[in-house]
Amino acid sequence: GRKWTKVSQLDQELKGQAVLVRGRVHAVRSKGKMAFLVVRESGYTVQCLASVAENVISKQMLKFISVLNKESIVDVEGEVSVPPGEIAGTSQQVEIQIRKVYCVSKSLASLPLTLEDAARSELDFEKAEKGGKQYARVGQDTRLNNRVLDLRTPANQAIFRVQSHVSMFFREFLISEDFIELHTPKLMAGASEGGASVFTLDYKGQPACLAQSPQLHKQMGICADFGRVFEIGPVFRAENSFTHRHLCEFTGLDLEMEIKEHYFEVIDLLDKLFVYIFDGLNEKCKKELEAINQQYPFEPLKYHKETLRLTFDEGVQLLKEAGIIVDPMADFNTETEKKLGQLVKDKYDTDFYVLHRYPLTIRPFYTMPCADDPRYSNSFDVFIRGEEIISGAQRVHDVLLLTKRATECGIDVTSLSAYIDSFRYGVVPHGGLGVGLERVVMLFCALGNIRKTSLFPRDPQRLAP
Ligand code: ATP
Ligand code: AMO
């Protein structure tokens with residue numbers, strides 16, 4: 001095979017050498033006997049020059065280059081040169097003197113959105129306005145309808161690299177803590193979480209559901225003596241309303257583990273796990289975070305080596321001190337949660353914290369009531385910037401109590417019989433949690449909308465592309 005050079009590898013050390021690169025036509029300009037072709041590969045760009053004057057290329061080749069459609073895939077053969085002075089507008093500080101250009105795959109001439117438009121930041125809009133110019137904004141529907149193009153922007157490339165790192169760090173940390181990765185079924189005979197937000201389907205004549213979480217089967221993994229289990233997989237929720245943080249399909253990072261004495265053992269683990277993830281992102285994804293920041297500026301996440309833990313009641317008190325009176329036995333609404341996030345930030349200087357000991361009635365049926373006061377539960381939620389990223393709890397492992405709680409929650413226990421039966425052969429006390437991957441990335445980077453961190457989002461109004 002021929003030797004290929006990546007655009008990112010093009011530097012002054014290659015001066016005078018012949019290179020072969022493949023990338024997209026990022027921009028083309030022609031001017032008399034010259035053509036300027038900017039080639040982009042994995043977010044890196046290089047300017048390539050074609051000049052008829054020096055007789056290296058033909059007039060036909062010059063014409064061919066100057067009419068290349070943006071986003072087409074091209075192979076460029078040429079020689080690396082170092083122009084005097086700085087090169088503006090490209091990432092690489094060298095140029096390629098073109099010998100030949102091949103078009104490997106042609107893009108349509110008219111694009112539903114251009115990458116320059118899609119990559120603009122608020123700052124770019126402000127600057128343009130001051131300069132008397134006005135750019136059209138690329139709306140979210142245009143982006144999502146043409147997601148493949150939209151995903152090519154530097155910020156989007158970075159978002160999904162960050163997302164990949166979050167799941168990698170999650171897996172890496174848990175494996176090192178003796179967890180095993182399992183894959184639970186997504187086709188279910190009954191709902192996993194109860195409630196209305198379940199997708200139903202026909203399973204060869206039998207009514208079935210898409211899993212709303214791996215809850216039941218990850219616990220059954222504990223019943224089967226796996227001790228510490230995790231899963232990274234799809235989660236389906238038939239959400240009705242259209243919000244900035246709910247999807248109908250998202251990626252769940254779930255874990256379940258034996259606990260010896262207290263649900264704090266799960267919180268201790270998540271504390272270390274998330275410090276590992278955040279440290280890892282800050283260390284290994286510097287370039288990506290910078291690229292996201294360029295388009296969507298955000299304050300870095302403030303967190304500490306030891307995560308703040310407040311009880312739900314302490315949360316209620318904090319709100320009360322700020323003049324916000326809430327029902328101490330009901331869940332906070334989105335606005336109150338956000339407000340509490342601000343109060344916590346002001347008082348404790350952290351964007352990341354745990355609220356635990358929730359009232360039992362607002363938690364799912366499988367949640368363990370507190371031994372000292374059964375109006376409360378051994379449960380917790382975790383927040384970033386006042387928005388939930390994790391729910392978790394110790395689970396009820398006693399069959400009688402589990403049946404009672406399910407019934408109290410209005411759930412038909414026959415639909416749960418396989419789950420409940422698995423507790424009849426003895427099970428260690430256990431607890432666990434579920435994380436929304438898209439929410440972690442959205443909130444770590446303060447992106448404001450979960451559609452930005454979902455590759456091809458599924459929401460109540462969108463099932464394609
Ligand atoms: P979880 O699934 O763990 O509950 P969540 O972030 O969806 O995660 P909920 O407990 O459903 O949180 O809801 C928390 C608060 O968010 C609710 O009290 C409600 O005010 C608000 N909320 C939840 N779902 C919606 C929705 N679909 N539309 C508008 N607000 C919602
Ligand atoms: P819960 O329902 O809170 O808990 O879900 C866990 C986490 O998943 C994320 N999440 C969502 N993300 C995007 N779109 C949605 N519609 C959506 N709904 C939830 C949130 C949430 O914190 N079985 C329990 C977990 C457990 O106890 O182990 C559960 O599913 O980040």
Side-chain angles (χ1 to χ4, degrees), residues 163 166-167 170 174 179 182 184 186 188 191-199 210-222 228-257 259 263 266-267 269-270 273-274 277 331-332 334 337 352 354-356 358 360 362-368 377-396 409 416 419 430-444 447 449-455 457-462:
Q163 191 187 81
V166 172
S167 42
F170 182 83
L174 292 178
F179 280 72
L182 297 182
T184 63
K186 304 304 154 204
M188 312 262 298
S192 18
E193 295 287 327
S197 61
V198 61
F199 284 107
L210 287 177
Q212 291 161 301
S213 75
Q215 187 62 39
L216 309 184
H217 289 96
K218 69 176 177 175
Q219 283 192 257
M220 288 157 86
I222 299 299
R228 300 185 131 194
V229 307
F230 76 94
E231 175 164 6
I232 302 178
V235 175
F236 302 93
R237 306 271 169 105
E239 300 286 352
N240 285 317
S241 41
F242 195 84
T243 78
H244 75 279
R245 65 192 175 94
H246 289 92
L247 293 167
C248 290
E249 178 176 352
F250 65 93
T251 307
L253 307 173
D254 270 81
L255 67 86
E256 200 66 25
M257 59 190 263
I259 60 185
Y263 69 101
V266 184
I267 301 182
L269 181 106
L270 91 81
L273 166 62
F274 273 81
I277 293 174
D331 212 349
F332 301 141
T334 308
E337 262 175 9
F352 180 68
V354 180
L355 268 190
H356 64 98
Y358 273 69
L360 181 66
I362 57 173
R363 304 299 288 200
F365 72 93
Y366 47 76
T367 309
M368 183 68 102
S377 64
N378 291 351
S379 65
F380 55 88
D381 275 4
V382 182
F383 297 84
I384 293 184
R385 308 185 204 262
E387 293 194 59
E388 177 195 322
I389 59 155
I390 303 176
S391 273
Q394 181 183 356
R395 322 301 186 183
V396 175
C409 291
L416 289 172
Y419 166 74
H430 60 283
L433 56 88
V435 189
L437 176 61
E438 294 83 354
R439 283 200 190 173
V440 174
V441 180
M442 166 179 80
L443 292 160
F444 186 83
L447 286 166
N449 194 313
I450 200 163
R451 289 159 191 79
K452 287 199 174 79
T453 60
S454 173
L455 193 65
R458 296 291 179 253
D459 68 30
Q461 294 165 14
R462 183 174 286 281

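Any value given below was found using the heavy atoms of this structure, including those in side chains, with hydrogens, waters and symmetry copies removed. Order of listing sets the numbers, starting from 1, for every ligand and every atom in it.
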statement: The option among Leu437, Leu247, Leu253 carrying the non-hydrogen atom nearest to atom 16 (N) of ligand 2 is Leu247
Considering all heavy atoms, the nearest Glu387-Met442 contact: OE1-CE, 4.3 Å
message: Taking 4.0 angstrom as the limit and counting only heavy atoms of Ile450, give me the atoms of ligand 2 inside it, by number and element.
response: 13 (C)
- prompt: Residues in salt bridge (Lys or Arg N to Asp or Glu O under 4.0 Å) with Glu193, at least two apart?
  reply: none
message: For Lys218, which part has a heavy atom under 4.0 Å from ligand 2: side chain, backbone, both, or neither?
response: side chain
- line: The atoms of ligand 2 lying under 4.0 Å from a heavy atom of Leu433, numbered in the order shown, are 26 (C), 28 (O)
- prompt: Does Gln212 reach ligand 2 with a nitrogen or oxygen that is under 3.5 Å from one of the ligand's nitrogen or oxygen atoms?
  reply: no
- line: dist Leu443:CG -> Glu388:CD (nearest 0.5 Å) comes out at 10.5 Å
- prompt: Between Ile277 and Phe444, does a side chain to side chain contact (heavy atoms under 4.5 Å, CB included) hold up when you go through it step by step?
  reply: CA-CA 11 Å; Ile277 293 174; Phe444 186 83; over 6 Å; no
field: Residues forming a ring-ring contact (aromatic ring centres under 6.0 Å, His included) with His430, sequence neighbours excluded
entry: none
message: Does only the side chain of Gln394 get under 4.0 Å from ligand 2, or the backbone, or both, or neither? Count heavy atoms.
response: neither
Any Glu193 heavy atom less than 4.0 Å to ligand 2: yes
query: If every non-hydrogen atom of Gln212 is compared with every non-hydrogen atom of Val198, which pair is closest and at what distance?
result: NE2-CB, 3.6 Å
- prompt: Any luck finding a side-chain donor-acceptor pair between Ser454 and Lys452 under 3.5 Å?
  reply: no
task: Please work out which of the three classes, parallel, tilted or perpendicular, describes the rings of Phe380 and Tyr263, given edges at 30° and 60°.
output: parallel
- request: Answer with side chain, backbone, both or neither: which part of Phe383 has a heavy atom less than 4.0 angstrom from an atom of ligand 2?
  value: neither
query: With a 4.5 Å heavy-atom cut-off, do Pro460 and Ser241 have their side chains touching?
result: no
query: Below 3.5 angstrom, do we get any N/O pair linking Ile389 and ligand 2?
result: yes
- prompt: With a cut-off of 4.0 Å, which atoms of ligand 2 are near a heavy atom of Arg237?
  reply: 1 (P), 2 (O), 5 (O), 18 (N), 19 (C), 29 (C), 30 (O)
task: Mark yes or no: Arg451 above the aromatic ring of Phe242, with NZ or CZ under 6.0 Å from the six-membered ring centre and no more than 45 degrees from the axis.
output: yes
query: If you count the atoms of ligand 2 from 1 in the order shown, which ones are under 4.0 Å from a heavy atom of Arg245?
result: 13 (C), 14 (N)
query: Which bit of His246 gets closer than 4.0 Å to ligand 2, counting heavy atoms only: side chain, backbone, both or neither?
result: both
message: Counting only nitrogen or oxygen atoms and a 3.5 angstrom limit, does Glu239 reach ligand 2?
response: yes
- prompt: At a non-hydrogen distance cut-off of under 4.0 Å, which region of Ser213 contacts ligand 2 (side chain, backbone, both, or neither)?
  reply: side chain
task: Go through ligand 2 atom by atom and flag the ones less than 4.0 Å from a non-hydrogen atom of Gly436.
output: 7 (C), 8 (O), 9 (C), 31 (O)
query: Nearest non-hydrogen atom to atom 7 (C) of ligand 2 belongs to which of Gly392, Gly434, Ser454, Ala238?
result: Gly434
- request: Would you mind checking if Glu231 and Lys186 are paired as a salt bridge, meaning a charged N to carboxylate O distance below 4.0 Å?
  value: yes
- request: Specify side chain, backbone, both or neither for Val235, according to which of its non-hydrogen atoms lie closer than 4.0 Å to ligand 2.
  value: neither
